[in-house]
Amino acid sequence: MKKILLFASVLLILFTACKKNKVNPDNSVVDPSVPSTGSALDKIKDSIILYAREDYYWYDKLPTYTAFNPRAITGSTDLDALQTEVNKLSQYAINPATNKPYEYYYRNPGEAKYSFIDEGEASDRLNAVSGDFGFAPFYNPNDNTLNDLRIKYVYPGSPADLSGIKRGYRIMSINGRTALNGGVTANVNFIINAYSESSTITMQLQRQDNSLFTTTLNTSDYKINPVIKHKEFNMGAGKKVGYMVFNSFVSLKSTQDTLNNVFKAFAADGVTDLVIDMRYNGGGYVETAEYLADLIAPSSATGSVMYRAYYNNILASGNEKLLYKQWRRDENNKPYNYGQVDYSVNGNTFHFNKQGTLNVKRVYFIVTEATASASELTINCLRAVSGLNVQLIGSTTYGKPVGFFDIDIDKYQMYIPEFETKNANGEGGYYNGMTPASTTYPGKYAIDDLTKDFGDSTEYLLSEALTNVNLGHYSTSPLEIQSINAAKTSTNLLESIINARTFNGMVVSKHKLKDE
């Protein structure tokens with residue numbers, strides 16, 4: 001089974017028709033202080049800081065090549081050394097609002113929240129093909145004992161789905177082991193190894209009716225269908241709610257037909273309110289995010305600004321040098337390189353183009369800390385649309401208003417933020433996430449409910465949306481903040497594994513070139 005690189009969910013730009021190229025580092029011509037000789041690994045390390053000093057959104061906060069001394073950075077493997085370098089570079093730019101790095105991540109201080117380098121794993125996931133079990137486990141945040149391990153989600157058509165596993169099922173044992181308490185490091189490590197480092201797993205599961213069954217899963221390639229569930233709720237009095245779980249922004253060609261069919265059914269059935277469940281959606285292709293926003297937005301939004309992307313002044317003024325080495329092919333198989341791309345604000349201003357016939361005045365987004373990147377972009381774009389009431393239900397999102405494209409360095413692909421997005425009102429900068437029920441993001445702050453399947457009207461987060469549609473207000477149930485914090489503190493590593501598995505990124509399929 002392919003090893004999974006541990007990194008937080010990220011905002012990613014790739015290309016559906018890209019052909020990856022091996023770029024051999026030769027950096028002495030860019031910076032005369034860079035030695036012209038050295039090992040292959042030395043030159044890759046050189047390339048990382050040189051690309052960052054040109055393309056990183058906060059490039060002007062980085063040290064010089066000589067002061068940084070990338071060749072002195074080591075690691076247990078070559079990839080570990082390179083990721084260590086990326087992590088180190090990510091900590092220089094300080095957010096004045098927090099006095100901490102923009103890329104500070106509270107789960108793993110000192111490691112990059114956004115930037116990473118890999119050997120192509122991210123690209124594989126973004127093209128909607130996975131080779132795993134097709135489910136994710138996590139602890140019920142309402143359980144203070146951290147002894148309630150649940151199925152977080154299941155992808156349709158995956159090995160887990162074909163075996164009858166549903167979200168909300170309780171995991172009673174894994175490979176015969178019943179000691180699964182999340183407060184014990186050895187137990188968490190056992191779960192991680194069984195889940196992410198093996199091609200076979202046996203679990204005893206308990207359904208919601210308390211019946212038990214045992215199943216053995218083998219990893220398998222399957223096509224990711226991000227629409228895990230969709231259904232409708234007739235609330236009476238002319239109110240009908242359309243509900244859809246959208247778990248990743250894979251390429252538009254992989255999910256467009258499904259999205260069209262779901263929204264066509266919603267429109268035909270007279271849906272008046274939408275609930276889009278993105279509680280575990282780490283992002284995906286920008287093109288897909290734009291399309292979902294166009295399906296949700298009213299017809300009156302067509303032609304208005306959806307969002308703008310802002311690059312650093314080197315790129316925006318066309319003074320990049322290294323990016324001319326980064327060749328790609330467009331949807332017509334025509335070659336171009338990143339140096340030919342128009343990085344100006346005008347060249348990166350995007351507009352709504354209504355898709356479908358559904359017109360609603362209110363949309364609820366179900367969110368958690370795992371909601372990131374293109375998910376947050378979709379929300380931010382729609383909240384600026386006149387006449388559309390956008391509500392958030394759940395907990396504070398990941399916080400990633402920046403994005404990037406892949407940079408090829410030898411056999412590796414590096415991802416460092418190159419741009420920031422803002423909606424039509426100039427709103428963005430949500431580095432600390434979007435918090436439901438705050439002044440900026442109206443809605444309901446509530447705890448994720450892992451005990452119920454998606455679409456169950458009694459599942460806490462969905463029930464809050466239905467309550468608001470039906471009664472015009474949310475419930476007054478208390479929050480169990482202490483249990484949430486306990487789960488986060490005790491299970492950081494498992495959460496990192498899950499985030500790595502669910503990574504999708506923010507993906508743009510087209511770039512405007514300077515000569516267009």
Side-chain angles (χ1 to χ4, degrees), residues 3-12 48 52 56-58 61-62 73-95 97-119 121-122 125 136-139 141 146 152 182-193 195-197 280 282-283 368-373 376 395-404 412-417 430-433 484-505:
K3 301 287 185 179
I4 300 298
L5 178 68
L6 301 186
F7 52 83
S9 57
V10 294
L11 209 65
L12 177 62
I48 287 176
Y56 192 47
Y57 189 58
W58 301 287
K61 302 300 188 293
L62 300 180
I73 297 173
T74 61
S76 57
T77 65
D78 288 354
L79 183 58
D80 181 59
L82 300 179
Q83 183 60 50
T84 298
E85 180 180 356
V86 170
N87 288 339
K88 187 176 180 180
L89 286 168
S90 74
Q91 303 302 295
Y92 283 96
I94 304 300
N95 185 342
T98 62
N99 289 321
K100 293 180 179 179
Y102 282 98
E103 293 210 53
Y104 174 81
Y105 188 42
Y106 78 95
R107 289 191 184 277
N108 299 296
E111 295 185 8
K113 185 176 182 179
Y114 312 131
S115 302
F116 70 96
I117 187 167
D118 73 0
E119 294 180 273
E121 293 91 343
R125 292 286 295 181
F138 204 64
Y139 292 94
L146 293 177
K152 195 173 181 180
V184 180
T185 300
N187 293 340
V188 174
N189 287 337
F190 173 82
I191 294 167
I192 290 170
N193 289 332
Y195 173 71
S196 67
E197 303 295 334
Y280 309 133
T368 66
E369 186 188 1
T371 306
S373 304
E376 293 169 309
S395 52
T396 303
T397 65
Y398 185 74
K400 191 168 188 184
V402 291
F404 40 61
Y412 302 100
Q413 290 179 313
M414 182 175 70
Y415 305 89
I416 53 176
Y430 38 86
Y431 291 97
N432 292 323
I484 292 177
N485 289 337
K488 286 182 178 179
T489 301
S490 302
T491 58
N492 281 356
L493 186 53
L494 179 58
E495 185 75 353
S496 295
I497 289 285
I498 302 305
N499 283 345
R501 286 281 183 132
T502 59
F503 163 75
N504 302 295

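For the numbers below, each heavy atom of this structure counts, side chains included, while hydrogens, waters and symmetry mates do not.
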Close side-chain approach of [X] and [Y], heavy atoms under 4.5 Å:
X: P101; Y: Y92; value: no
X: M414; Y: I48; value: yes
X: Y104; Y: I94; value: no
X: Y56; Y: P417; value: yes

Spatial distance of atom [atom1] ([X]) from atom [atom2] ([Y]) [nearest 0.5 Å]:
X: T368; Y: F138; atom1: OG1; atom2: CZ; answer: 10.0 Å
X: L79; Y: T84; atom1: CG; atom2: OG1; answer: 9.0 Å
X: T98; Y: Y431; atom1: OG1; atom2: OH; answer: 10.5 Å
X: L82; Y: D118; atom1: CG; atom2: CG; answer: 11.0 Å

Heavy-atom closest pair, residues [X] and [Y]:
X: W58; Y: A93; answer: CB-CB, 3.4 Å
X: T74; Y: A81; answer: C-CB, 3.7 Å
X: K400; Y: S373; answer: CD-OG, 3.5 Å
X: T77; Y: D80; answer: OG1-N, 3.0 Å

Do any N or O atoms from the side chain of [X] and from the backbone of [Y] form a donor-acceptor pair under 3.5 angstrom?
X: T371; Y: T397; answer: no
X: E376; Y: G399; answer: yes
X: E85; Y: I73; answer: no

Check the orientation of F404 and F116. Use parallel for under 30°, tilted for 30 to 60°, and perpendicular for over 60°.
perpendicular
Both conditions, 6.0 Å and 45 degrees, for the charged tip of K113 above the ring of Y398: are they met here?
yes
Could you tell me whether the side chains of N87 and Q83 share a donor-acceptor contact shorter than 3.5 Å?
yes
Side-chain donor-acceptor pair present, E103, Y105, cut-off under 3.5 Å:
no
Given side chain to side chain contact (heavy atoms under 4.5 Å, CB included), test N432 with T396 step by step and report yes or no.
CA-CA 8 Å; N432 292 323; T396 303; over 6 Å; no
